[in-house]
Amino acid sequence: MNMHNEDFPLPVGLVSVILHKGPLADGQIIEEFHIKNLIVANASRFMAKRMRPGANWGAGITHLEVGTGVGDGTQASPQAASLSQTVLRSPLARKAITSWTYLDSNGQATSAESNILQLTTTFLENEANGAVVEMGMFGGDASNTLGSGYMFNYKTVPVINKTSEYQLTFAWRLTF
């Protein structure tokens with residue numbers, strides 16, 4: 001029985017990646033793109049553990065990790081993301097999610113609970129400097145330790161050269 005169809009929708013994700021100079025509100029955007037991401041196979045296990053009544057198991061999605069691992073690819077074209085991914089290939093930096101916001105069906109922030117959640121994190125000038133080509137969100141028993149917790153989603157991108165001159169913001173939208 002195929003459970004992956006319109007009758008049983010899976011979570012989907014969209015990530016906005018913005019390289020900018022100074023705070024994002026200042027509008028000095030150097031590079032910006034919006035891409036679909038891959039919800040990894042382990043995400044179902046993560047969600048099931050969180051849903052189980054009486055379970056006292058970790059938190060929701062709490063951390064964003066970026067890395068430099070290209071796998072069999074190059075910086076311009078890293079190896080494609082895989083459903084079986086559980087860690088980044090070559091972790092560079094990890095940071096706690098800084099905001100969680102519900103969005104309405106038009107993508108606008110709302111105080112009402114909805115099936116769309118946006119998680120945002122910004123790496124400041126002194127954080128995550130390097131040739132970023134991979135990213136993933138982690139939760140459950142995740143901590144500030146690279147690779148800890150359960151990976152929920154993963155994405156590779158052509159290289160983003162993050163230096164101490166820039167900040168790098170990720171706004172990850174998950175629709176359930």
Side-chain angles (χ1 to χ4, degrees), residues 4 10-24 28-47 49 58-100 117-176:
H4 302 280
L10 294 175
V12 294
L14 175 70
V15 62
S16 297
V17 181
I18 308 163
L19 183 67
H20 50 97
K21 197 167 191 173
L24 186 56
Q28 296 180 4
I29 296 173
I30 307 303
E31 182 179 1
E32 177 177 7
F33 55 92
H34 312 277
I35 50 175
K36 291 182 179 180
N37 82 104
L38 178 69
I39 306 293
V40 296
N42 221 15
S44 295
R45 186 172 170 211
F46 172 63
M47 288 186 296
K49 287 184 96 160
I61 297 171
T62 58
H63 290 81
L64 174 67
E65 191 170 281
V66 296
T68 59
V70 297
D72 293 334
T74 65
Q75 285 185 342
S77 182
Q79 181 179 344
S82 165
L83 280 173
S84 62
Q85 201 81 28
T86 58
V87 295
L88 269 60
R89 294 181 179 113
S90 184
L92 173 66
R94 177 180 277 221
K95 190 164 186 179
I97 302 296
T98 54
S99 72
W100 296 262
L117 184 62
Q118 182 168 289
L119 300 91
T120 305
T121 298
T122 298
F123 288 96
L124 302 176
E125 289 85 353
N126 64 339
E127 301 171 319
N129 290 318
V132 174
V133 294
E134 60 179 340
M135 63 192 92
M137 288 198 303
F138 293 80
D141 54 356
S143 68
N144 288 329
T145 302
L146 294 173
S148 65
Y150 273 77
M151 179 182 275
F152 187 82
N153 49 16
Y154 179 77
K155 186 64 181 176
T156 59
V157 295
V159 68
I160 302 164
N161 288 304
K162 165 75 171 68
T163 67
S164 60
E165 187 177 354
Y166 304 114
Q167 295 183 17
L168 184 58
T169 297
F170 296 86
W172 220 302
R173 183 178 298 185
L174 300 172
T175 303
F176 296 91

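For the 3.5 Å distance criterion, the side chains of Ser143 and Arg94 fail to qualify, holding no donor opposite an acceptor. At a cut-off of 3.5 Å, with distance as the only test, no side-chain donor of Glu125 or Tyr166 sits close to an acceptor on the other residue.
The two residues Val66 and Ala128 come nearest to each other via the heavy atoms CG2-CB, 3.8 Å. Between Asn144 and His63 the shortest heavy-atom distance is OD1-NE2, 3.1 Å. Of all the heavy atoms in Ala76 and Pro158, the pair that sits closest is O-CB, 3.5 Å. Minimum heavy-atom separation, Met151 to Leu88: CE-CD1, 3.5 Å. Nearest heavy atoms, His20 versus Ile29: CB-CA, 4.2 Å. Of all heavy-atom pairs spanning Ala80 and Arg89, the tightest one is O-NH2, 3.1 Å.
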Q: Let me see the working for Leu64 and Ile97 under side-chain contact (heavy atoms from CB on, under 4.5 Å), right down to the final yes or no.
A: CA-CA 6 Å; Leu64 174 67; Ile97 302 296; 4.1 Å; yes
(Q) Run Asn37 and Tyr154 through side-chain contact (heavy atoms from CB on, under 4.5 Å) and show every step you take. (A) CA-CA 6 Å; Asn37 82 104; Tyr154 179 77; over 6 Å; no
Q.
As a quick check of understanding, evaluate side-chain contact (heavy atoms from CB on, under 4.5 Å) for Leu19 and Lys162, giving each step before the final call.
A. CA-CA 8 Å; Leu19 183 67; Lys162 165 75 171 68; 4.2 Å; yes
Q | Derivation of the side-chain contact (heavy atoms from CB on, under 4.5 Å) call for Lys155 and Val17 | A | CA-CA 11 Å; Lys155 186 64 181 176; Val17 181; over 6 Å; no
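Put simply, the side chain of Thr156 does not reach to within 4.5 Å of the side chain of Val133, judged on heavy atoms. Contact check for Thr122 versus Leu168: no side-chain heavy atoms found under the 4.5 Å cut-off. Annotation: side chain of Gln118 is in contact with side chain of Arg173 (closest heavy-atom distance under 4.5 Å). Contact annotation: the side chain of Phe138 never approaches that of Thr62 to less than 4.5 Å [non-hydrogen atoms, C-beta and beyond].
Between the Gln167 side chain and the Leu124 main chain, no donor and acceptor come within less than 3.5 Å of each other. Distance alone, capped at 3.5 Å, is enough to place a donor-acceptor pair between the Glu134 side chain and the Gly69 backbone. The backbone N or O of Glu165 lies less than 3.5 Å from a partner atom in the side chain of Thr163, making a donor-acceptor pair. For Trp100 (side chain) and Ile61 (main-chain N/O), a donor-acceptor pair under 3.5 Å exists by modelled atom type. A donor-acceptor distance shorter than 3.5 angstrom exists from the side chain of Ser148 to the backbone of Thr145, with no hydrogens or angles considered.
Leu174 pairs with exactly one of Asn153, Val12, Leu14, Val15 by the side-chain contact (heavy atoms from CB on, under 4.5 Å) rule, that one being Asn153.
Here the straight-line distance linking atom OG1 of Thr169 with atom CG of Leu24 works out to 5.0 Å at 0.5 Å rounding.
Using a 4.0 Å cut-off between a side-chain N of Lys or Arg and a carboxylate O of Asp or Glu, Lys95 and Glu127 qualify as a salt bridge.
Ring geometry for Phe123 against Phe170 counts as perpendicular: the plane angle is over 60°, on a 0 to 90° scale with 30° as the lower cut.
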